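We use all heavy atoms of the structure for the numbers below, so side chains are in, but hydrogens, waters and symmetry mates are not. Everything quoted here is computed from the prediction, not taken from an experiment. Residue numbers start from 1 in every chain, and the chains themselves are labelled A, B, ... in the order their sequence lines are given, proteins ahead of strands.
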There are 2 protein chains.
Amino acid sequence: MGNRRLTVREIAKIAEVSVATVSRVSRGTGQVSPEMRERVLRVIEEHGYQPSQMGRALAERKHGSVAIVFPGLSGPYFSELIQGFESEVVEAGAGVHIMATHNRATADADVLALASRVDGIAVHGGTVSTETVQQLSATVPVVMLAGWPLDGIPAVRADNSAIGKLTRHLLVDHGYRKLAFVGNPGGSPDVTERWEAFLAAHRDARVAAPRNPVRLGLQQSDGVIAAGELLDGRSRPRAVVCANDETALGVLIGALGRGLSVPGDVAITGFDDVPMSSLVQPGLTTVRQPIRELGATTARLLISGVGGRGAVMDAVLATELVLRDSCGCVRA
Amino acid sequence: MGNRRLTVREIAKIAEVSVATVSRVSRGTGQVSPEMRERVLRVIEEHGYQPSQMGRALAERKHGSVAIVFPGLSGPYFSELIQGFESEVVEAGAGVHIMATHNRATADADVLALASRVDGIAVHGGTVSTETVQQLSATVPVVMLAGWPLDGIPAVRADNSAIGKLTRHLLVDHGYRKLAFVGNPGGSPDVTERWEAFLAAHRDARVAAPRNPVRLGLQQSDGVIAAGELLDGRSRPRAVVCANDETALGVLIGALGRGLSVPGDVAITGFDDVPMSSLVQPGLTTVRQPIRELGATTARLLISGVGGRGAVMDAVLATELVLRDSCGCVRA
DNA sequence: ATGGTCCCTGAAAACGGTTACTGCAACGTT
DNA sequence: AACGTTGCAGTAACCGTTTTCAGGGACCAT
C-alpha cells in the first residue's frame with residue numbers, strides 16, 4: 001500500500017512525449033493528434049496514473065473543494081442538510097470538507113484556518129461569530145446557511161415566518177390561550193426568527209405571549225428536559241411550540257410518558273417535518289422546510305462563485321404548514 | 001470578499017527578510033533571532049497572512065486531510081460515526097473530506113478519484129467493491145471501517161457476535177421458537193456477521209432458523225415495511241431480530257400501529273443502542289456498540305500511518321447486550 | 001592573530017501540475 | 001516558387017510553500 005504515485009514527468013518519459021502533451025490528454029484540453037492521444041492514454045491506463053490534486057491545485061490556483069461548517073451532526077436536520085450539500089458538490093466534481101464546531105473554544109480559529117484549504121465555505125448560522133464570518137470572507141467566498149446575509153455575504157435560508165401561521169392556527173383556530181415556546185433564540189438565527197414570529201402572532205391575535213422561551217438546545221433530549229419543566233407544574237401550557245421537530249418529539253415522549261393525552265391535554269408542534277414526525281402517534285403538526293434543498297442551493301451558490309454581478313444574495317426558500325394530529329386537528 | 005491572499009514572497013518583501021525566514025517563523029521551525037521573529041510576526045499579523053495549504057501540501061508532499069467514505073448520512077449511526085471520526089481528525093489538525101456513495105453508479109470511480117485529494121481514506125463496509133478497495137490501497141493508505149481487514153488493509157469494527165447472545169437469550173431464556181431476522185446480509189459485512197451469528201445461535205439451541213432474512217435496508221422506513229411483511233399474516237413470528245436499531249424502531253412503530261402488544265404479541269430487538277432506543281415505550285432490547293469510538297479509532301489509525309511495523313491490523317471493539325422491555329424482560 | 005564553532009540568514013532547488021509561447025511541418029493560395 | 005495558415009508538440013516559466021545548503025558574523029580558545 002502507499003506506493004509512490006507516478007508524476008506527469010514520469011508518464012511523459014514512458015510515453016516518450018512531453019509533459020504538456022500528457023497534461024493535455026489527461027484533462028482533455030488543447031489539440032492532440034489521435035495517435036499521440038492513444039499512446040499517452042495507454043500509458044496512463046497501464047500505470048493507473050492520476051494527476052495529483054496538490055500539483056493541480058497549485059497550478060490552477062484553486063483547491064477543488066468546498067467546506068461546510070455546522071455545530072454538530074446531531075439529528076436528521078443536519079444529516080439531511082449535509083447530504084444535500086454533499087451530493088451537489090460531488091456532482092460538480094469537487095471535494096467536500098466538513099467541520100463541526102461543537103462548542104469548541106477554538107472554533108473560530110479553526111474555521112479561519114479552513115480558509116487556506118478550500119475554495120469556499122458554507123457557514124451554518126449560530127456556529128461562529130459575525131466578526132469571524134466577515135474576516136473569513138476577506139480571503140474566501142462564504143455563504144451563510146440558515147443565517148442572515150451580511151454585507152457581501154449571501155445567505156440561503158428557509159422562511160421561518162410560517163411558525164407565525166402555525167401559532168395563529170393554535171391561537172385562533174383551536175382557541176388555545178396558554179402557549180409555551182421551546183428553543184433558545186440566542187442560539188441561532190433560525191430560532192430567533194421563529195421566536196419572533198411566535199411573539200408576533202400573539203400580538204396579532206391580542207393574546208398574551210409567554211415572557212420567556214424555555215431556553216434549551218435543539219436535540220431530542222432537550223425536548224425531554226423541556227417536558228419536565230413544562231408539564232409537571234400546575235400551570236401547564238395548553239400547547240407547546242417547539243423550535244424544531246427533534247425537541248417536539250422529545251416533548252411528545254415526555255408527555256406520553258407522563259400519561260398525558262396529546263393533543264387532549266397538551267398540543268405539541270415542531271418545525272422541519274423530519275421523517276419521524278409523520279410516523280409517531282399522534283402525527284406531529286409542524287412546518288416543512290426543504291432541508292436538502294437548502295444544502296444543495298448553498299452548494300450551487302458556492303460553486304458558481306459568490307458575489308458576481310447579478311448573483312443571488314439572499315435565497316429564502318418556501319416552507320409549508322403541515323397539520324397533523326398533535327395540534328388537535330383530526331386527519332381526514 | 002475573495003481578495004487575493006498574500007504569498008510568502010510578498011510577506012518577505014514587506015518584512016525585508018527572505019522567504020525562508022518567513023516560513024521558519026510561520027511554522028515555528030528552525031532558528032530565528034528574536035528581533036527577526038518579532039518583525040516577521042508583526043507583518044504576518046498585520047496582513048492576516050496564512051500560508052496556502054496548496055503550496056504547503058506540494059512542498060510537504062501531503063495534503064493534510066483524510067477522507068471517510070460511507071453509504072449515506074441516514075440515521076444516528078452514521079452521524080455518530082462521522083462525529084467520532086471528524087473530532088479526532090480536527091484534533092490532529094488535519095482536514096476532513098467526506099463522500100457518500102449512495103448507490104451511485106460512479107461510486108467506485110469517485111472513491112478512486114478521492115485518492116488524489118487526501119492522505120488516507122476510511123472506507124465503510126458495503127460501500128465499494130473489494131477490488132476497488134485493493135486498487136485504492138495501492139496509492140493511498142486505507143482503513144476498512146465496519147468491514148473485514150484485507151491483505152495489508154487494517155479494519156476497525158465492532159464485535160457482532162453479541163447478536164448471537166441476544167438470539168440465544170430470546171430462544172433459551174424467553175423460550176421463543178419462531179424468530180425473524182430483518183436486514184440484508186449481502187448489504188454490508190456487519191449485517192452478514194449478524195445474520196450468521198443469528199443462525200449459529202439457532203444451531204446451538206437446536207431450533208429451526210428462518211430460511212431467509214427479510215432483505216431490506218437499514219433505515220427506519222425499512223422497518224416499517226418489514227412490519228407490514230411480517231406482522232399481518234397468520235404466521236407471525238414471536239420475535240423479530242433486526243440488524244440495527246433504526247429498523248427495529250420502524251418495526252416497533254409498525255407493530256404498535258397495528259394494535260399489537262410489544263413484547264406481549266411480538267418481541268423486537270435491535271443493534272447499536274441509539275439514544276432513541278432507551279426513550280421509546282417499551283424500551284428497546286439491543287446490543288450497544290461504541291459507534292463514536294469506531295470513528296475515532298479509525299481516524300487515529302489513518303493519521304498515525306497505516307501499515308507500519310507492529311501496527312494494528314484489526315481492531316475489534318467490544319459490544320454489550322442491553323436488555324430492556326421489548327424482548328420480554330421487565331426492567332428492575 | 002588564527003582557526004574553529006555556533007548561530008543566523010538567504011539563495012535556490014525542489015514538490016507535481018498547467019499553460020503561454022515558440023518552433024516546425026504540412027498544406028493551401030496567389 | 002514564395003508566402004501565409006494551420007495543427008501539433010515541446011520548452012520553460014509559474015503556482016506558493018518548505019528545506020537544503022552555503023556563507024557570513026560573532027565568539028571563544030589557543
Is the base of C/dG17 touched by the side chain of A/Arg9 through a donor-acceptor pair closer than 3.5 angstrom?
-> yes
For the side chain of A/Arg56 and the base of C/dG16, is some donor closer than 3.5 Å to an acceptor across the two?
-> no
Over all strands shown, is [X] touching base, sugar-phosphate only, or nothing at heavy-atom distances under 4.0 angstrom?
X	result
B/Ser33	sugar-phosphate
A/Leu6	sugar-phosphate
B/Gln50	sugar-phosphate

When the distance from [atom1] of [X] to [atom2] of [N] is rounded to whole Å, what number comes out?
X	N	atom1	atom2	value
A/Glu38	D/dC8	CD	C1'	17 Å
B/Lys62	C/dG16	NZ	P	15 Å
B/Glu16	C/dT9	CD	C1'	15 Å
B/Ile44	D/dG16	CD1	P	16 Å
B/Ile11	D/dT18	CD1	C1'	16 Å
A/Arg39	D/dC8	CZ	P	15 Å
B/Leu58	C/dC15	CG	C1'	4 Å
B/Met54	D/dT18	CE	P	14 Å

The side chain of [X] lies closest to which of these nucleotides: [options]?
X	options	result
B/Arg27	D/dT17, D/dT18, C/dA20	D/dT18
B/Ser18	C/dG10, C/dT18, D/dG16	C/dG10
A/Arg24	C/dG16, C/dG10, D/dA9	D/dA9
A/Val19	D/dT17, D/dT11, C/dT9	D/dT11
B/Thr21	C/dG10, C/dT19, D/dT17	C/dG10

Judged by nearest nucleotide, the residue sitting upstream toward the 5' end of DNA chain C, B/Gly55 or B/Ala20, is B/Ala20
Using the closest heavy atom to pick a nucleotide of DNA chain C for each, name whichever of B/Ala59 or B/Met36 lands nearer the 5' end.
-> B/Met36
Using a cut-off of less than 4.0 Å, is there contact between a side-chain N or O of [X] and OP1 or OP2 of [N]?
X	N	value
B/Tyr49	D/dT17	yes
B/Ser23	D/dT18	yes
B/Gln31	C/dC7	no

Could you walk me through whether A/Asp108 and A/Ser129 pass the side-chain hydrogen bond (donor to acceptor under 3.5 Å, both in side chains) check?
-> CA-CA 7 Å; A/Asp108 286 63; A/Ser129 71; 3.1 Å; yes
Does the separation of the ring centres of A/His124 and A/Tyr77 fall below 6.0 angstrom?
-> yes
Are the side chain of B/Ser116 and the backbone of B/Ala113 linked by a donor-acceptor contact shorter than 3.5 Å?
-> yes
Are the side chain of B/Ser23 and the backbone of B/Val19 linked by a donor-acceptor contact shorter than 3.5 Å?
-> no
Is the count of non-hydrogen atoms from other residues, nucleotides or ligands lying under 6.0 Å from B/Glu35 atom CD greater than 12?
-> yes
Where B/Ala12 and B/Val22 come nearest, the two heavy atoms and their spacing | CA-CG2, 3.7 Å
